[in-house]
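Data first, discussion second: the structure below is written as structure tokens.
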Amino acid sequence: MNESIIKDKEKIELEKLAMDKKFSHIATVRLLVFIVAIVLISVGISKKSFLIVGAGAFLILVFIYLVRYHAVVRDRMNALAAKGLVVDRYIMRYSGRWKKFKDDGSEFLTQKDTVSYDLDLLGKNSLYQMITIAHTSAGRKKLADTLSLKTDHKDEMEDRYEAITELGKKGSFLVDFEASSERILAKREKALARKSSYDDEGESEEKSEDSKGSDNGKDVGSQFPVWMYPLMIIVPAMNIFSIVMVMMEVWTPSKILMTFIAGMIITWFPLGLHEKLKAPIDSYGTAAGDYFKMLSLIKEEDFESGMLSGLKSKVVEKDGSLGAIKKMDRIAAFSNFSYNPIVHMVLAGFVGWDFYISRAASAWMNKYSGVFEESTDIISDFEELGSFAVLSMVRDTTKPEISKDLKFEMTEIYHPLLDPDTVVKNDSALGNSLTIITGSNMSGKTTFLRTLAVNLVLAYTGSGVCAENFRAPFVKIFTSMRVMDDVSGGISTFYAEILRIKDMAEYVSEGNDLPALCLIDEIFKGTNSADRIVGAEQALKKLSAGNAMVIVTTHDFELCDLKTESGKDADNYHFEEYYENSELRFDYKIKDGRCTTRNAMAILKMAGLVQN
């Protein structure tokens, strides 16, 4: 296990304890300051002492500072909590506990994407679930599109491998980066909960991250109206005037309450317009600090690879954008006072707080529209590349070699989703147009097919592969493994498998330059043995006659004698079982030749379904 990850965990726990104590102390002091300030102002007004009122006003400013500082400490506590979750996930990836991760990419898995389903690229217990560090919607989609091979990275594999390898050596950077990204989700959930009374807030929150606003986000917010400027001055001015008049004994103290109430009415009367003007805060403010943190981490980190350096240059060149995001974070911090009802009421009634927040948000939007959209694109690229880098941190990987020959050569290859402490590694060289793999139930046939295909996908993404050596060509991957029926569509399991193999045959018959790799698990298992063998022979001959490599697993030993259309014998490999102390065991090693053993009865006995 990566020792730096363990050390990070220990440091986080110690700092969390210190922050908890500081948070409690500030809360106590803040309350005392507020009480003393109110008392001083009340006494000062009753005794007509400008000095005492001034002292109370000063303490109000101190209270506002403490509120802000308290928020900073709370923000740091949240950051530590997020970092702790990230470190925990790295530790969980060393075992099967990563299957508990909430985000598995299921929303990106479509019914037509049979390859991603068969190979566990997306969905429950998938490669996506294990490696993802993406928490922005754009980053999650980029990762899903790459894993499902919807995005073609063929022309940039070398650059991507260099970038992914470099990120894999920057564990602290990735942890800090993901922790900031993680907080965007937590803050958004809190913001949505706070504003649940507004029907459209969820939509605006989603727009902030996905850049879905029309005209690159420029439809969010509007121009601050001229008629509001006088009100920004009138509200605080009339309250100051009221206090002065009371202290000069011209007015009674009740006038202060009246002007305070009038200030609240003036401030909150255009509430709908305030909400519209403050839309940028709702859309961007909750994530601004974390965006700034992630972009700052990128800016401050030294990168050697061309791809990462290029992304960093976009951040450096847009230094004004960093400043813009920092300004939004500051505006959002002051806007957060509004979520404390008492503080908000006091600020609104005495100084017209909402006018100033609306003015700041409107000015920001008119000057910096589009900044977050540009930043999201950079951040999502790092999330996508960083997710693949995670694999090299928790598994032993190597650089794949892409060849022009339709052959696969692999040593010590293993499946990335299996426990690295117990996984069995295999060596194999496959080059025939037709390969038949036989073997006992549960001996490892299907896992071998998936191991080959998943590592092939990793190679095409520019990632390292889980093997000591891996040499493979570019191919179009087809799979027929987890074939499901469709009751509503009237499609049986057998017919669903036929449709899959039909897709393979049509691609091969079209004479595409890119070879097909057809991986078929237990071919035609949904029909009787006689039809299955005849149908399999015809289908496999047809597929292997074109520009394709076909690898099929079967229990039908009759297929081992199959010849290709050209008369060449199919290659045969097998997996087998053995018995130890009368118990069934598997070594999960692929071996030359056909299988000569069976274990179905032994497994039935193990399940208690067959008597000895």
Side-chain angles (χ1 to χ4, degrees), residues 118 408 410 424 426-453 478-483 492-498 500-501 504-505 508 517-545 548-580 582-607 609-610:
D118 284 351
F408 293 91
M410 42 206 150
V424 175
N426 265 297
D427 301 341
S428 187
L430 307 173
N432 200 347
S433 60
L434 179 58
T435 298
I436 308 293
I437 300 178
T438 49
S440 305
N441 295 290
M442 306 192 312
S443 60
K445 303 186 300 298
T446 306
T447 299
F448 178 77
L449 294 187
R450 291 198 176 106
T451 299
L452 168 61
F478 290 91
T479 61
S480 178
M481 296 180 183
R482 291 193 180 109
V483 182
S492 68
T493 303
F494 176 59
Y495 187 62
E497 184 178 6
I498 289 175
R500 294 236 197 150
I501 295 176
M504 301 178 190
V508 172
L517 174 64
C518 304
L519 303 174
I520 306 173
D521 185 39
E522 301 291 353
I523 187 168
F524 295 151
K525 55 182 171 291
T527 189
N528 65 80
S529 59
D531 288 342
R532 178 171 62 247
I533 293 170
V534 173
E537 288 177 347
Q538 296 300 314
L540 295 177
K541 282 185 176 182
K542 184 177 181 65
L543 290 173
S544 61
M549 177 181 286
V550 183
I551 306 176
V552 59
T553 68
T554 182
H555 287 288
D556 296 315
F557 294 161
E558 294 88 342
L559 295 180
C560 295
D561 297 321
L562 193 62
K563 296 180 182 294
T564 64
E565 197 70 35
S566 62
K568 185 178 180 180
D569 290 335
D571 282 349
N572 276 277
Y573 296 92
H574 73 280
F575 289 83
E576 62 186 17
E577 78 286 353
Y578 65 95
Y579 290 86
E580 186 175 280
S582 300
E583 292 187 2
L584 187 63
R585 295 282 188 271
F586 303 96
D587 61 15
Y588 304 112
K589 286 286 190 179
I590 191 169
K591 302 175 178 65
D592 292 334
R594 65 184 68 185
C595 181
T596 58
T597 61
R598 304 173 187 268
N599 70 359
M601 291 301 294
I603 294 175
L604 288 169
K605 289 178 182 178
M606 288 170 55
L609 298 176
V610 174

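All figures in this text were calculated on a predicted structure; none of them were measured in a lab. All residue numbers in this chain count up from 1 along the given sequence.
- The CD atom of Glu522 sits 9.5 Å away from atom CD of Glu497, with the distance rounded to the nearest 0.5 Å.
- Aromatic rings of Phe575 and Tyr588 (six-membered ring for Trp) have centroids beyond the 6.0 Å cut-off, not under it.
- Residue Asp118 holds its CG atom at 6.5 Å from CZ of Arg450, rounded to the nearest 0.5 Å.
- One distance of note links NZ of Lys445 with NE2 of His555; it measures 4.0 Å at 0.5 Å rounding.
- The closest side-chain heavy-atom distance from Phe408 to Ser428 is not below 4.5 Å.
- Between the side chain of Asn432 and the backbone N or O of Asp569 there is at least one donor-acceptor pair closer than 3.5 Å.
- The environment of Lys542 atom NZ is sparse: at most 12 non-hydrogen atoms of other residues, nucleotides or ligands sit within 6.0 angstrom.
- In this structure, CZ in Arg482 is found 14.5 Å from OG1 in Thr493, a value given to the nearest 0.5 Å.
- Judged by distance alone, with hydrogens and angles left aside, the side-chain atoms of Asn426 form a donor-acceptor pair with the main-chain N or O of Ile590 at under 3.5 Å.
- Arg594 pairs in a side-chain hydrogen bond (donor to acceptor under 3.5 Å, both in side chains) with only one of the listed residues (Asn572, Asp561, Thr438), which is Asp561.
- From Ser440, atom OG reaches atom OH of Tyr578 across 13.0 Å, with rounding to the nearest 0.5 Å.
- Atoms CD1 and CD, from Ile523 and Glu537 in turn, are 10.0 Å apart once rounded to the nearest 0.5 Å.
- Not a single donor-acceptor pair under 3.5 Å links the side chain of Lys589 to the backbone N or O of Glu576.
- In summary, of the residues considered (Thr554, Thr553, Thr479), a side-chain hydrogen bond (donor to acceptor under 3.5 Å, both in side chains) with Asp521 occurs for Thr553 alone.
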